[in-house]
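Heavy atoms only: backbone and side chains are in, while hydrogens, waters and symmetry mates are out. On a predicted model such as this, the values are computed, not experimentally measured, just so you know. Residue numbers begin at 1 in each chain, while the letters A, B, ... track the order of the sequences.
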2 protein chains.
Amino acid sequence: MAISASKPATAPQIDDTTLRGFIGYTMKRAYMVVRNDMHRVLAEHDLRVTTFSALCIIAENSDLTQTQLAGALKIERSSVVVVVDELEGRELISRNRVEGDRRTYALRITLKGRRLFERIVEEAKQHENALLSDLSDAERETLFGLLKRVENSAS
Amino acid sequence: MAISASKPATAPQIDDTTLRGFIGYTMKRAYMVVRNDMHRVLAEHDLRVTTFSALCIIAENSDLTQTQLAGALKIERSSVVVVVDELEGRELISRNRVEGDRRTYALRITLKGRRLFERIVEEAKQHENALLSDLSDAERETLFGLLKRVENSAS
DNA sequence: TTTAATAGTTCTGTAACATAACAGTTCGCA
DNA sequence: TGCGAACTGTTATGTTACAGAACTATTAAA
């Protein structure tokens, strides 16, 4: 069946009312904006989001194991290997043998790693501040709080 | 350098203070919870998130083109083809020829499509309600509002 | 009327993981 | 004290969910 098209001069606005009713849709949209921004910051340092997240976790949890890192990042141990390989290859962290358990490594950030970590945190904070400049401090707190409560309602 | 490990009996809690300072990290965590829940609902109907989103958009925007759909879903036209193929193959939507422009299709939901659409919306709403049961109506509104403002601060 | 732009399509590539199977090591306990 | 179970890291392979480039058919613009 052919439709006769009355060509609209104005860009026809698409309705997404139903999808807007779902928190997942709105959350994904907002998340993509934030994620793309972070992506841009990290790309300049040749880092992916998960790699940087790993660096953060190692920075404030010295001598943790790869399995612990996997748990913290909520990814599989096999995926951690790639991330840790990358960080170690760039001398941002080190794998240290553990006396008493020859299976595990103790991951530790290097001086070079800590310098990069601190620099990127600074940059990312600035970007985030610019991105959230519409929101007051109170609103940011509210947003963080609500998101955490959603996260903790996992089945 | 080997680390001597004093084996902790309690599961050592991993610190993610720095990452928690970033909205992207907390948002991703919350989003994953919501997304996994939606994923479970849709899996029972053999649908992926984007495919269902497309069905929603077509349901309330009759006779839109694939390019418009791509714009609405923020994905490439080449990706839309796969999604529309899937929906058409399952007879949930139809591609209709347009009189006056033989390049484009007018996408329209079928009766079967609308029935499935309405059923899934119902189910998804219930799941979402259960998931957000910790939040009051006012808090949900606040969350939606803040997320939309973040989304609209895209550069 | 030639040229440019647009819609849909196909093919190939990529990112960011998961899954399964494996070796080395340590633990539980009979 | 020895042996199977459990655990750590690793490799190889598969999956998901797209993007990008190049193509055809069609329409619009110069």
- Message: What I want to check is whether the side chains of A/N129 and A/R140 have a donor and an acceptor closer together than 3.5 Å.
- Response: yes
- Message: Hydrophobic clusters here meaning ILVMFWY residues chained together by side-chain heavy-atom distances under 4.5 Å, can you tell me if B/I93 and B/V82 are in one?
- Response: no
- So does B/Q68 get a side-chain nitrogen or oxygen closer than 4.0 Å to the phosphate oxygens (OP1/OP2) of C/dA7? no
- Message: Just the rounded figure in Å: distance from P of D/dA25 to OH of B/Y105.
- Response: 13 Å
- Query: Can you check the A/N96 CG to D/dG9 C1' distance for me, whole Å?
  - Reply: 15 Å
- Item | Distance in angstrom units between B/R103 CZ and C/dA7 C1', rounded | 6 Å
- Query: Could you give the distance from CD1 (A/I57) to CG (A/L107), rounded to the nearest 0.5 Å?
  - Reply: 11.5 Å
- Query: Atom CD of A/Q66 and atom C1' of C/dG24: how far apart are they, to the nearest Å?
  - Reply: 14 Å
- Query: Would you say C/dG8 has OP1 or OP2 under 4.0 Å from some side-chain N or O of B/T67?
  - Reply: yes
- Item | side-chain contact (heavy atoms from CB on, under 4.5 Å) partners of A/R20, counting only residues at least two apart | A/D16, A/Y25, A/T26, A/R29, B/K148, B/E151
- Item | Interatomic distance, A/L69 CG vs D/dT10 P [rounded to whole Å] | 12 Å
- Any B/R102 side-chain N or O less than 4.0 Å from OP1/OP2 of D/dT24: no
- Please determine if A/K125 forms a cation-pi arrangement with B/F22, meaning its NZ or CZ atom is less than 6.0 Å from the six-membered ring centre and no more than 45° off the ring axis. yes
- Expressed in angstrom and rounded to an integer, what is the separation of B/E99 atom CD from D/dT26 atom P? 16 Å
- Item | All salt bridge (charged side-chain N to carboxylate O under 4.0 Å, His left out) counterparts of B/E88, not counting sequence neighbours | B/R95
Please list, pair by pair, any protein nitrogen or oxygen found under 3.5 Å from a nitrogen or oxygen in nucleotides 11-18 of chain D.
residue	atom	partner	partner atom	Å
D/dC18	OP2	B/T50	OG1	2.4

- Query: Whole Å only: how far is the CG atom of A/L42 from the P atom of C/dA16?
  - Reply: 11 Å
